[in-house]
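Below: the structure, in structure tokens.
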Amino acid sequence: MPRIKRGVTTRQKHKRLLDQAKGYRGRRKNTIRIARQAVEKAGQYAYRDRKIKKRNFRALWIQRINAAVRAEGLTYSQFMHGVKLAGIELDRKVMADLAMNEGAAFTAIIKQAKDALPA
């Protein structure tokens, strides 16, 4: 049985790995063993932080809505309760955008939510 020479495939794997490690500092960018560890850890961070990013944006939207609503004399929780009672089906992302860019439209939503709240 002939001997299989693996130089080409190994070089391709190493090249792909070092391309992924491009921009890293020190030996992390040019030593295969250390670059492999760095790329693997970077992938773990990326996977984790894709989920954290969603949490952070939701928190940002809530803060923006809360700031706009408090200027009108409501709290965030009262506003969200009023929105549910009024049957307004806008998510927090859209409401935060309205609060930032379309003040008049968001004020109309706040008025509807206030009217829907029990006295």
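Residues take their numbers from the sequence shown, with the count starting at 1. Side chains included, hydrogens not; waters and symmetry mates left out as well; all remaining heavy atoms used.
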Of all heavy-atom pairs between Ala96 and Arg64, which one has the smallest distance, and what is that distance?
CB-CB, 4.2 Å

Please name the pair of heavy atoms, one in Val83 and one in Ala113, separated by the smallest distance, quoted to 0.1 Å.
N-CB, 3.8 Å

If you count the non-hydrogen atoms of other residues, nucleotides and ligands that lie under 6.0 Å from CZ in Arg33, is the total more than 12?
no

Hydrophobic cluster membership, with links at side-chain heavy-atom distances under 4.5 Å among I/L/V/M/F/W/Y: are Ile62 and Leu60 in one?
no

Residues Ala68 and Ile110: closest non-hydrogen pair is O-CD1, 4.1 Å

State whether the number of non-hydrogen atoms from other residues, nucleotides or ligands found under 6.0 Å of Gln44 atom CD is greater than 12.
yes

Would Lys93 and Asp97 pass as an ion pair if we require N to O under 4.0 Å?
no

Hey, does the side chain of Asp49 reach the backbone of Ile52 with a donor-acceptor pair shorter than 3.5 angstrom?
no

Side chain Lys84, main chain Met80, donor-acceptor under 3.5 Å:
no

Atom pair CZ/CD of Arg27 and Gln37 - distance to nearest 0.5 Å
10.0 Å

Are Val94 and Ile109 linked, directly or through other ILVMFWY residues, by side chains that come within less than 4.5 angstrom of each other?
yes

Side chain to side chain, Val8 and Gln12, heavy atoms closer than 4.5 Å
yes

Student check: side-chain heavy atoms of Leu18 and Lys22 closer than 4.5 Å
no

Steps toward side chain to side chain contact (heavy atoms under 4.5 Å, CB included) verdict (Lys5, Arg3):
CA-CA 6 Å; Lys5 298 173 74 177; Arg3 183 168 74 99; 4.2 Å; yes

What are the two closest heavy atoms between Gln78 and Leu74, and how far apart are they?
OE1-CD2, 3.5 Å

Please confirm whether the backbone N or O of Arg28 pairs with a side-chain atom of Thr31, one donor and one acceptor, at under 3.5 Å?
no

Show your reasoning for whether side chain to side chain contact (heavy atoms under 4.5 Å, CB included) applies to Arg92 and Ile65.
CA-CA 8 Å; Arg92 286 166 181 81; Ile65 293 168; 4.1 Å; yes

Using a 4.5 Å cut-off on heavy atoms from C-beta on, say whether the side chain of Gln20 contacts that of Leu17.
yes

Provide the closest heavy-atom pair for Ala105 versus Leu98 in the form atom of the first, atom of the second, distance.
CB-CD2, 4.3 Å

Any idea which heavy atoms bring Lys114 and Glu72 closest together, and the distance?
NZ-O, 2.8 Å

Counterpart residues, side chain to side chain contact (heavy atoms under 4.5 Å, CB included), relative to Arg70 (two or more places apart)
Asn66, Thr75

Nearest 0.5 Å, please: how far is NZ in Lys29 from CD1 in Ile34?
11.0 Å

Considering only residues two or more places apart or on different chains, which pairs with a residue in residues 48-87 satisfy ring-ring contact (aromatic ring centres under 6.0 Å, His included)?
Phe79-Phe106

